[in-house]
Undergrad: 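This structure is in structure tokens; I'll ask about it shortly.
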Amino acid sequence: MPSSKNHSDLELFFNALADRTRLRLLNLMGEDEVCVCFFVEVLQTNQPKISRHLAYLKRAGLVKSRKEGLWMHYRVNEPEQEVAAQILANVRKYMRKDEQMIADRERMIHVCCAQEVPESIQGAPIPASLVAYQCNSSC
């Protein structure tokens, strides 16, 4: 018989995926480690709200965090259970075709390679997949 902890873990996992803002955060992370300041800038949402959503994703085991100096970084954490990992992979695949998710990724590229970087992200490490865009004048 499944334990109540398994039921709560399952519920937490699906509730984490049932919120648009949390999906947008997972989408922005992609395969990168991303500083909270980028989420705030790209989603135009206040830092406490972003942090609450990231904490929820962390409790659900969907993200891991790392602090480096002033910067708090988050990355997607693949679930240990094969079924959960497959569900997350399918959700991420689906998000790559969503208009808002595409627009969010494009906004992150523009924010990262802007001529005048917003003050809130000055000095923050740029996500690895976006480093190539930084010097590209087409941004």
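Only a predicted model underlies this, so the values are computations on that prediction, with no experimental measurement involved. What you see below is based on every heavy atom in this structure, not just the backbone, and it leaves out hydrogens, waters and symmetry mates. Here, residue 1 is the first one in the sequence, and each next residue gets the next number.
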Undergrad: Is it the case that over 12 heavy atoms from other parts of the model lie below 6.0 angstrom from the CD atom of Glu99?
TA: no
Undergrad: When rounded to the nearest 0.5 angstrom, what is the spacing between NZ in Lys58 and NZ in Lys64?
TA: 10.0 Å
Undergrad: Let me confirm one number: the OH-CG distance from Tyr56 to Asn15, rounded to the nearest 0.5 Å.
TA: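 Nearest 0.5 Å value for the OH-CG distance: 4.0 Å.
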Undergrad: What verdict does the side-chain contact (heavy atoms from CB on, under 4.5 Å) test give for Arg105 and Arg96, after you've listed the backbone C-alpha separation in whole Å, the side-chain angles of each residue and the deciding distance to 0.1 Å?
TA: CA-CA 9 Å; Arg105 291 292 297 176; Arg96 286 193 288 271; over 6 Å; no
Undergrad: Nearest 0.5 angstrom please: Leu17 CG to Arg20 CZ, how far?
TA: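 The CG atom of Leu17 sits 12.5 Å away from the CZ atom of Arg20.
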Undergrad: Crowded around Lys97 NZ? As in, over 12 foreign heavy atoms under 6.0 Å?
TA: no
Undergrad: State whether the side chain of Thr45 and the backbone N or O of Leu43 hold a donor-acceptor pair below 3.5 Å, judged by distance alone.
TA: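 Pair found, side chain donor or acceptor close to backbone of Leu43.
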Undergrad: Flag the pair Arg75 / Val63 as yes when at least one side-chain heavy-atom distance between them is below 4.5 Å, and no otherwise.
TA: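 Arg75 vs Val63: side chains apart.
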Undergrad: Determine the minimum heavy-atom distance between Ser51 and Val36, stating which atoms define it.
TA: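 For Ser51 versus Val36, the nearest heavy atoms are OG-CG1, 4.5 Å.
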Undergrad: Which atoms form the tightest heavy-atom contact between Leu88 and Phe13, and what is the distance?
TA: N-CZ, 4.4 Å
Undergrad: side-chain contact (heavy atoms from CB on, under 4.5 Å) between Glu82 and Gln86: does it pass, once the steps are laid out?
TA: CA-CA 6 Å; Glu82 186 178 333; Gln86 187 60 52; 5.7 Å; no
Undergrad: May I ask you to decide if Val34's main-chain N or O and Asp32's side chain share a donor-acceptor pair within less than 3.5 Å?
TA: no
Undergrad: Linking I/L/V/M/F/W/Y whenever their side-chain heavy atoms sit closer than 4.5 Å, directly or via other members, would Met29 and Tyr94 fall into one cluster?
TA: no
Undergrad: Before you tell me yes or no, could you show the steps for Phe38 and Cys112 under side-chain contact (heavy atoms from CB on, under 4.5 Å), namely the whole-Å CA-CA distance, both residues' side-chain angles and the distance that decides it to 0.1 Å?
TA: CA-CA 8 Å; Phe38 285 101; Cys112 288; 3.4 Å; yes
Undergrad: Go through the steps to decide whether Leu57 and Tyr74 satisfy the test side-chain contact (heavy atoms from CB on, under 4.5 Å), and finish with yes or no.
TA: CA-CA 10 Å; Leu57 288 167; Tyr74 286 84; over 6 Å; no
Undergrad: Give me the atom names and distance for the closest heavy-atom approach of Trp71 to Cys35.
TA: CE3-SG, 3.5 Å
Undergrad: Nearest 0.5 Å, please: how far is CZ in Arg22 from CG in Asn27?
TA: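 Interatomic distance, Asn27 CG to Arg22 CZ, rounded to 0.5 Å: 15.0 Å.
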Undergrad: Mark yes or no for whether Arg107, through its side chain, and Val42, through its backbone, hold a donor-acceptor pair below 3.5 Å.
TA: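 Checked: pair present.
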Undergrad: Which pair of heavy atoms, one from Val40 and one from Gln47, lies closest together, and at what distance?
TA: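 Scanning both residues, the minimum pair turns out to be CG2-CA, 3.6 Å.
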Undergrad: Same cluster for Ile121 and Leu70 if Ile/Leu/Val/Met/Phe/Trp/Tyr side chains link at under 4.5 Å?
TA: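 No, it is not one cluster - the side chains of Ile121 and Leu70 are not joined through contacts under 4.5 Å.
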Undergrad: If every non-hydrogen atom of Leu23 is compared with every non-hydrogen atom of Val91, which pair is closest and at what distance?
TA: CD2-CG1, 3.8 Å
Undergrad: What pairs with Arg92 under salt bridge (charged side-chain N to carboxylate O under 4.0 Å, His left out), at least two apart in sequence or on another chain?
TA: Glu31, Glu78
Undergrad: Do His73 and Lys67 have side chains that get closer than 4.5 Å, going by heavy atoms?
TA: no
Undergrad: How close do Pro79 and Ala84 get, heavy atom to heavy atom, and via which atoms?
TA: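 Answer, listing the atom of Pro79 first, then Ala84: CB-CB, 3.6 Å.
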Undergrad: Do Leu25 and Phe14 sit in the same hydrophobic cluster, where Ile, Leu, Val, Met, Phe, Trp and Tyr count as joined when their side-chain heavy atoms come under 4.5 Å apart?
TA: yes
Undergrad: Say you draw a straight line from CG of Leu26 to CG of Leu62; how long is it, rounded to the nearest 0.5 Å?
TA: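 The CG atom of Leu26 sits 6.0 Å away from the CG atom of Leu62.
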Undergrad: If I take atom CD from residue Glu33 and atom OG from residue Ser129, how far apart are they, to the nearest 0.5 angstrom?
TA: 12.0 Å
